[in-house]
Amino acid sequence: MINKSKIRQQIQEKRDKLDKEKRLSKSRIIADKFLASSFYINSKVIMAYWPFRSEIDTTLIISRAITDRKMVTLPRVCHHKLALYYVQNPALELGCGAYGIMEPIEEKCRAANPRDIDMVIVPGVAFDLELNRLGYGGGYYDKLLATLGKRVKKIALCFDIQIISRVPAEEHDVKVDGLITESREIFCPR
């Protein structure tokens, strides 16, 4: 069995070593592909995440979605699970939360119902061509994604260096419906 901790460490080190300008340039390419996709165009309520450390810069998508008058939800860690909140002005409505990640301030945001979500931008450390995902190890997203219906599209945005030959997936792990990197797009034929 491949050690998940070792994969997380190796991929995060590779991602951390990407030059900041290259990371931003690749993030723009990925964001542009996502924003041109039918997943984005046809969605009304998007769940995204605020970027942390060397993740792709999802703020490019969040700000565009707000400009396009889509409803944007962001997660907040609350009692070992993710609670969702609508965000309209990240500069005023986010604060440093769990794990040092920017998240909605409860008093400034309206709670969102996960059943209203059309599409989720799913974070992760590593992915494979079978659309398996290796998260950060807390299980927060797997728990939330398992509660969403099959109609909700789950799209992962990542750098090419985050695609590995095989993610050690377990029964409770939730696959994504598609991956978008700077050089390719991989979607489930479902």
Side-chain angles (χ1 to χ4, degrees), residues 5 8-9 11-13 15-28 30-32 34-35 39-40 43-127 133-148 152-159 162 174 176 180:
S5 296
R8 282 187 189 99
Q9 179 186 357
I11 298 299
Q12 287 183 86
E13 282 176 5
R15 200 177 63 191
D16 290 345
K17 286 180 183 174
L18 278 176
D19 174 74
K20 189 176 178 180
E21 287 304 313
K22 275 189 180 167
R23 199 164 51 236
L24 184 56
S25 171
K26 290 175 186 224
S27 289
R28 283 189 184 114
I30 294 165
D32 287 345
F34 174 76
L35 293 167
F39 298 106
Y40 174 77
S43 66
K44 290 180 176 61
V45 182
I46 298 171
M47 179 186 161
Y49 62 90
W50 200 260
F52 184 61
R53 291 193 215 133
S54 58
E55 291 178 326
I56 80 144
D57 187 354
T58 55
T59 64
L60 303 166
I61 293 165
I62 293 166
S63 61
R64 169 73 179 277
I66 291 169
T67 299
D68 288 347
R69 298 191 182 274
K70 296 193 183 276
M71 298 185 80
V72 176
T73 68
L74 294 177
R76 176 182 175 80
V77 175
C78 187
H79 306 293
H80 303 290
K81 64 180 189 173
L82 295 178
L84 302 179
Y85 293 87
Y86 290 107
V87 174
Q88 296 174 316
N89 188 337
L92 299 176
E93 299 170 341
L94 301 183
C96 190
Y99 308 105
I101 300 170
M102 297 298 284
E103 56 185 33
I105 299 168
E106 286 180 279
E107 300 78 29
K108 295 184 178 187
C109 301
R110 183 170 54 98
N113 186 333
R115 285 177 286 204
D116 294 336
I117 295 170
D118 301 309
M119 201 223 18
V120 179
I121 300 172
V122 185
V125 177
F127 302 89
R133 169 189 166 271
L134 179 64
Y136 289 88
Y140 293 102
Y141 273 84
D142 283 320
K143 289 177 203 162
L144 177 69
L145 295 173
T147 68
L148 302 176
V152 177
K153 295 300 177 204
K154 298 169 284 302
I155 307 298
L157 310 176
C158 65
F159 300 116
Q162 293 177 256
V174 178
V176 295
I180 299 176

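Nothing fancy with the numbering, it's 1 onward along the sequence. Only a predicted model underlies this, so the values are computations on that prediction, with no experimental measurement involved.
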> When you look at L82 and V77, which way does the side-chain contact (heavy atoms from CB on, under 4.5 Å) test go after all the steps?
Replying inline: CA-CA 5 Å; L82 295 178; V77 175; 3.9 Å; yes

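- Heavy-atom minimum distance, M71 versus R110: CE-NH2, 3.3 Å.
- Remark: K22 fails to qualify as a cation-pi partner of F159 under the 6.0 Å distance and 45° angle criteria applied to the six-membered ring.
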>> side-chain contact (heavy atoms from CB on, under 4.5 Å) for R15 and E55? Distances and angles first, verdict last.
In response: CA-CA 8 Å; R15 200 177 63 191; E55 291 178 326; 3.7 Å; yes

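- Atom CG of residue L145 and atom CD1 of residue I117 lie 9.0 Å apart, to the nearest 0.5 angstrom.
- At most 12 non-hydrogen atoms from other residues, nucleotides or ligands lie less than 6.0 angstrom from NZ of K81.
- The CD1 atom of I180 lies 5.5 Å from the CG atom of L157; values are rounded to the nearest 0.5 Å.
- Panel note: side chain R76, backbone I105; no donor-acceptor pair is recorded below 3.5 Å.
- Expressed to the nearest 0.5 Å, how far CZ of F34 lies from CG of L60 amounts to 12.0 Å.
- In this structure, I66 and V72 approach most closely via the heavy-atom pair CG1-CG2, 3.9 Å.
- Using a 4.5 Å cut-off on side-chain heavy atoms (C-beta onward), P123 and F52 make no contact.
- Contact record, A48 with P75: O-CD, 3.2 Å, taken as the closest heavy-atom pair.
- With a 4.5 Å cut-off on side-chain heavy atoms, R28 and D57 do not count as touching.
- Looking at Q162, its side chain does come within 3.5 Å of a backbone N or O of V125 through a donor-acceptor pair.
- The shortest heavy-atom contact between V87 and C109 is CG2-SG, 4.3 Å.
- Every residue two or more places apart in sequence or in another chain was checked for a ring pair (Phe, Tyr, Trp, His ring centres under 6.0 Å) with Y85, and none qualifies.
- Once rounded to the nearest 0.5 Å, the distance linking CD1 of I101 with CH2 of W50 reads 12.5 Å.
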>> Using the rule given for side-chain contact (heavy atoms from CB on, under 4.5 Å), can you reason through M119 versus I46, listing the C-alpha separation, both sets of side-chain angles and the distance that settles it, and then say yes or no?
In response: CA-CA 5 Å; M119 201 223 18; I46 298 171; 3.6 Å; yes

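- I62 has its side chain within reach of L74: a pair of non-hydrogen atoms, C-beta onward, lies under 4.5 Å apart.
- Residues satisfying the side-chain hydrogen bond (donor to acceptor under 3.5 Å, both in side chains) criterion with N113, sequence neighbours excluded, are R115.
- In this structure, the side chains of I11 and L134 stay at 4.5 Å or more apart for every pair of heavy atoms.
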>> Go through it in stages, so that I can follow the logic: the residues are K70 and D118, the test is side-chain contact (heavy atoms from CB on, under 4.5 Å), and I'd like the CA-CA distance, side-chain angles, deciding distance and then a yes or no.
In response: CA-CA 11 Å; K70 296 193 183 276; D118 301 309; over 6 Å; no

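- Contact between G124 and Y136 at its shortest, heavy atoms only, is O-OH, 4.0 Å.
- Judged by distance alone, with hydrogens and angles left aside, the side-chain atoms of T67 form a donor-acceptor pair with the main-chain N or O of S63 at under 3.5 Å.
- Contact record, V45 with D116: CB-O, 3.3 Å, taken as the closest heavy-atom pair.
- In this structure the side chain of R53 reaches within 4.5 angstrom of the side chain of Q12, judged on heavy atoms.
- Atom SG of C78 sits about 5.5 Å away from atom CD of E106, to the nearest 0.5 Å.
- Distance check: I121 CD1 to T73 OG1 gives 9.5 Å after rounding to the nearest 0.5 Å.
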